[in-house]
Amino acid sequence: IGAHWEPTDPGYGDARSPQISDEQAHSGKQSLKMVPTWGVVTRPFDREVSNCIVTGWFYEVPSTPNDKCRGIVLLADDGKRVGLGTHRESLSNYICYLDTGVKVTDVPKSQAWHEFKFDVTEGEGVVCFIDGVEVGRTDKIDRFSSVQIGEHAWRGSTAFVDDLSIVMKP
(Lines give C-alpha, C1' and ligand atoms only; values in the text may rest on other atoms or scores of the structure.)
Protein backbone atom coordinates (compact mmCIF):
# COMPACT_ATOMS: atom_id res chain seq x y z
CA ILE A 1 0.00 0.00 0.00
CA GLY A 2 2.94 2.30 0.54
CA ALA A 3 3.84 5.28 2.67
CA HIS A 4 2.49 8.83 2.91
CA TRP A 5 -1.04 7.84 3.99
CA GLU A 6 -2.68 10.07 6.60
CA PRO A 7 -5.70 9.62 8.89
CA THR A 8 -8.49 11.65 7.28
CA ASP A 9 -9.84 13.04 10.56
CA PRO A 10 -7.21 12.58 13.28
CA GLY A 11 -8.90 12.08 16.63
CA TYR A 12 -12.09 10.70 15.11
CA GLY A 13 -13.00 7.16 14.18
CA ASP A 14 -11.22 4.03 15.30
CA ALA A 15 -7.42 3.97 15.45
CA ARG A 16 -7.58 0.24 14.56
CA SER A 17 -9.06 0.91 11.13
CA PRO A 18 -7.60 0.82 8.61
CA GLN A 19 -4.26 -0.77 9.48
CA ILE A 20 -1.60 -2.88 7.78
CA SER A 21 -2.32 -6.61 8.28
CA ASP A 22 -0.85 -9.95 7.27
CA GLU A 23 -4.21 -11.78 7.58
CA GLN A 24 -5.06 -11.53 3.87
CA ALA A 25 -2.99 -10.39 0.90
CA HIS A 26 -3.60 -10.25 -2.84
CA SER A 27 0.12 -10.40 -3.52
CA GLY A 28 3.02 -10.17 -1.16
CA LYS A 29 2.44 -10.63 2.55
CA GLN A 30 0.38 -7.63 3.74
CA SER A 31 -2.68 -5.57 2.88
CA LEU A 32 -4.68 -2.72 4.41
CA LYS A 33 -7.35 -4.10 6.76
CA MET A 34 -10.58 -2.26 7.54
CA VAL A 35 -12.46 -3.45 10.63
CA PRO A 36 -16.20 -2.87 11.23
CA THR A 37 -15.79 0.65 12.59
CA TRP A 38 -15.19 4.12 11.17
CA GLY A 39 -11.76 5.01 9.86
CA VAL A 40 -10.30 6.42 6.65
CA VAL A 41 -6.79 7.04 5.38
CA THR A 42 -6.03 9.52 2.63
CA ARG A 43 -3.12 9.75 0.17
CA PRO A 44 -2.97 13.42 -0.89
CA PHE A 45 -1.02 14.57 -3.94
CA ASP A 46 0.65 17.95 -4.39
CA ARG A 47 -1.24 18.47 -7.67
CA GLU A 48 -4.32 17.08 -9.36
CA VAL A 49 -3.74 13.84 -11.27
CA SER A 50 -5.35 12.87 -14.59
CA ASN A 51 -4.70 10.64 -17.61
CA CYS A 52 -4.06 7.55 -15.54
CA ILE A 53 -5.40 4.17 -14.49
CA VAL A 54 -5.97 3.66 -10.75
CA THR A 55 -6.25 0.02 -9.70
CA GLY A 56 -6.80 -1.56 -6.31
CA TRP A 57 -7.75 -5.03 -5.15
CA PHE A 58 -10.64 -5.39 -2.66
CA TYR A 59 -11.53 -8.41 -0.48
CA GLU A 60 -14.54 -8.46 1.80
CA VAL A 61 -15.44 -10.93 4.53
CA PRO A 62 -19.22 -11.64 4.41
CA SER A 63 -21.14 -8.75 5.94
CA THR A 64 -24.05 -8.23 8.25
CA PRO A 65 -27.27 -6.31 7.46
CA ASN A 66 -25.58 -3.23 8.97
CA ASP A 67 -23.09 -2.95 6.12
CA LYS A 68 -22.16 0.68 5.43
CA CYS A 69 -19.99 2.46 2.87
CA ARG A 70 -16.37 1.39 2.44
CA GLY A 71 -13.94 1.09 -0.40
CA ILE A 72 -11.65 3.16 -2.61
CA VAL A 73 -12.54 6.80 -3.44
CA LEU A 74 -10.89 9.38 -5.71
CA LEU A 75 -11.40 12.99 -4.54
CA ALA A 76 -10.99 16.17 -6.59
CA ASP A 77 -10.05 19.58 -5.21
CA ASP A 78 -13.61 20.84 -5.78
CA GLY A 79 -15.08 18.09 -3.57
CA LYS A 80 -16.33 15.88 -6.40
CA ARG A 81 -15.67 12.19 -5.94
CA VAL A 82 -16.00 8.79 -7.53
CA GLY A 83 -15.70 5.50 -5.67
CA LEU A 84 -16.10 1.74 -5.71
CA GLY A 85 -16.96 -0.49 -2.77
CA THR A 86 -19.85 -1.58 -0.59
CA HIS A 87 -22.83 0.36 0.71
CA ARG A 88 -26.02 -0.22 2.68
CA GLU A 89 -27.96 0.20 -0.60
CA SER A 90 -27.08 -3.42 -1.47
CA LEU A 91 -26.02 -6.36 0.67
CA SER A 92 -25.55 -8.54 -2.41
CA ASN A 93 -23.73 -6.38 -4.98
CA TYR A 94 -20.88 -3.87 -5.09
CA ILE A 95 -21.61 -0.17 -5.65
CA CYS A 96 -20.20 2.61 -7.78
CA TYR A 97 -20.40 6.10 -6.27
CA LEU A 98 -20.69 8.82 -8.91
CA ASP A 99 -21.52 12.51 -8.73
CA THR A 100 -25.20 11.49 -8.95
CA GLY A 101 -24.98 9.23 -5.88
CA VAL A 102 -24.76 5.50 -5.18
CA LYS A 103 -25.36 3.11 -8.08
CA VAL A 104 -25.76 -0.60 -7.30
CA THR A 105 -23.74 -2.58 -9.86
CA ASP A 106 -24.50 -5.98 -11.40
CA VAL A 107 -21.30 -7.38 -9.85
CA PRO A 108 -22.16 -9.66 -6.91
CA LYS A 109 -20.15 -9.48 -3.69
CA SER A 110 -18.12 -12.55 -2.81
CA GLN A 111 -15.39 -13.53 -0.40
CA ALA A 112 -12.63 -13.23 -3.00
CA TRP A 113 -10.29 -10.59 -4.39
CA HIS A 114 -11.96 -8.15 -6.81
CA GLU A 115 -10.18 -5.66 -9.06
CA PHE A 116 -11.47 -2.08 -8.68
CA LYS A 117 -10.28 0.13 -11.55
CA PHE A 118 -10.72 3.81 -12.46
CA ASP A 119 -9.76 5.04 -15.95
CA VAL A 120 -9.25 8.81 -15.50
CA THR A 121 -8.98 10.91 -18.68
CA GLU A 122 -8.66 14.71 -18.79
CA GLY A 123 -11.56 16.30 -20.65
CA GLU A 124 -13.52 13.03 -20.76
CA GLY A 125 -14.04 11.85 -17.19
CA VAL A 126 -13.76 8.63 -15.21
CA VAL A 127 -14.85 5.14 -16.23
CA CYS A 128 -15.17 2.64 -13.34
CA PHE A 129 -14.66 -1.11 -13.60
CA ILE A 130 -15.01 -4.06 -11.23
CA ASP A 131 -13.33 -7.26 -12.42
CA GLY A 132 -13.07 -5.83 -15.94
CA VAL A 133 -16.80 -5.01 -16.18
CA GLU A 134 -17.73 -1.36 -16.68
CA VAL A 135 -19.99 -0.35 -13.77
CA GLY A 136 -20.20 3.43 -14.14
CA ARG A 137 -18.90 6.56 -15.80
CA THR A 138 -19.04 10.30 -15.28
CA ASP A 139 -17.80 13.36 -17.11
CA LYS A 140 -18.18 15.52 -13.96
CA ILE A 141 -14.71 14.63 -12.67
CA ASP A 142 -11.64 14.16 -14.86
CA ARG A 143 -8.86 14.53 -12.27
CA PHE A 144 -8.29 13.89 -8.57
CA SER A 145 -6.04 15.24 -5.83
CA SER A 146 -6.25 12.40 -3.29
CA VAL A 147 -7.20 8.76 -2.82
CA GLN A 148 -9.15 7.59 0.24
CA ILE A 149 -9.44 4.05 1.54
CA GLY A 150 -11.62 3.04 4.43
CA GLU A 151 -14.93 2.94 6.21
CA HIS A 152 -17.01 6.09 5.86
CA ALA A 153 -19.70 5.13 8.38
CA TRP A 154 -20.21 2.86 11.38
CA ARG A 155 -20.81 -0.92 11.55
CA GLY A 156 -19.40 -2.23 8.31
CA SER A 157 -17.82 -5.57 7.60
CA THR A 158 -14.15 -6.54 7.59
CA ALA A 159 -12.43 -5.85 4.28
CA PHE A 160 -8.92 -5.61 2.82
CA VAL A 161 -7.35 -3.45 0.08
CA ASP A 162 -4.08 -4.40 -1.60
CA ASP A 163 -1.88 -3.58 -4.60
CA LEU A 164 -3.12 -0.04 -5.12
CA SER A 165 -1.42 1.48 -8.15
CA ILE A 166 -1.61 4.61 -10.27
CA VAL A 167 -0.21 4.17 -13.77
CA MET A 168 0.10 7.22 -15.99
CA LYS A 169 -1.14 6.87 -19.59
CA PRO A 170 1.36 7.54 -22.38
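Keep in mind it's a predicted model, so treat the numbers as computed, not measured.
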* To do: Under the ring pair (Phe, Tyr, Trp, His ring centres under 6.0 Å) rule, what do Phe144 and Phe118 come out as? Steps first, then yes or no, please.
  => CA-CA 11 Å; Phe144 61 95; Phe118 306 88; 8.3 Å; no

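- A search for salt bridge (charged side-chain N to carboxylate O under 4.0 Å, His left out) contacts involving Lys140 returns nothing, not counting sequence neighbours.
- To the nearest 0.5 Å, atom OG of residue Ser21 and atom CZ of residue Phe160 are 5.0 Å apart.
- Every side chain to side chain contact (heavy atoms under 4.5 Å, CB included) that Thr55 has, sequence neighbours left out, goes to Ile53, Trp57, Glu115, Lys117, Ser165.
- Note that CD1 of Ile72 and SG of Cys128 are 11.0 Å apart. Values are rounded to the nearest 0.5 Å.
- In this structure, Cys96 and Gly136 approach most closely via the heavy-atom pair SG-CA, 4.1 Å.
- In terms of hydrophobic clustering, with Ile, Leu, Val, Met, Phe, Trp and Tyr side chains grouped at heavy-atom distances under 4.5 Å, Met168 and Val120 are assigned to a common cluster.
- In terms of hydrophobic clustering, with Ile, Leu, Val, Met, Phe, Trp and Tyr side chains grouped at heavy-atom distances under 4.5 Å, Phe129 and Val135 are assigned to different clusters.
- Side chains of Val147 and Thr42 form no contact here, defined as non-hydrogen atoms less than 4.5 Å apart.
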* To do: Give the intermediate values and the outcome of side-chain contact (heavy atoms from CB on, under 4.5 Å) for residues Asp142 and Asn51.
  => CA-CA 8 Å; Asp142 66 353; Asn51 297 318; over 6 Å; no

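- The distance from the CZ atom of Arg143 to the CG atom of Leu74 is 13.0 Å, given to the nearest 0.5 Å.
- Between the CD1 atom in Ile141 and the NZ atom in Lys80 there is a gap of 8.0 Å [rounded to 0.5 Å].
- A distance-only check finds a donor-acceptor pair linking the side chain of Ser50 to the backbone of Glu122 [under 3.5 Å].
- For Tyr97, there are no ring pair (Phe, Tyr, Trp, His ring centres under 6.0 Å) partners two or more places apart in sequence or in a different chain.
- No continuous path of hydrophobic side-chain contacts links Val133 to Val127 [ILVMFWY only; heavy atoms under 4.5 Å].
- Counting heavy atoms from C-beta outward, Leu91 and Thr86 have side chains that stay 4.5 Å or more apart.
- Residues Trp113 and Ser31 approach most closely at CH2-CB, 4.4 Å, considering heavy atoms.
- Listed by first and then second residue, the salt bridge (charged side-chain N to carboxylate O under 4.0 Å, His left out) pairs involving residues 19-30 are Glu23-Lys33 (not counting sequence neighbours).
- The closest donor-acceptor contact from the side chain of Glu48 to the backbone of Asp77 lies under 3.5 Å.
- For Asp119, the salt bridge (charged side-chain N to carboxylate O under 4.0 Å, His left out) partners two or more places apart in sequence, or in a different chain, are Lys169.
- Lys103 meets the side-chain hydrogen bond (donor to acceptor under 3.5 Å, both in side chains) test with no other residue; sequence neighbours excluded.
- Judged purely by atom type and a 3.5 angstrom limit, Ser90 uses its side chain to pair as donor or acceptor with the backbone of Asn93.
- Between the CG atom of Asp106 and the CD1 atom of Ile130 there is a distance of 10.0 Å, given to the nearest 0.5 Å.
- Annotation: the span from Lys109 atom NZ to Ile95 atom CD1 amounts to 9.5 Å, rounded to 0.5 Å.
- Aromatic ring orientation, Phe116 versus Phe58: parallel (interplanar angle below 30°, classes split at 30° and 60°).
- Residue Val161 comes nearest to Ile149 through the heavy atom pair CG2-CG2, 3.7 Å, listed as atom of the first residue, atom of the second, then distance.
- Side-chain atoms of Asp131 do not come within 3.5 Å of backbone N or O of His114 as any donor-acceptor pair.
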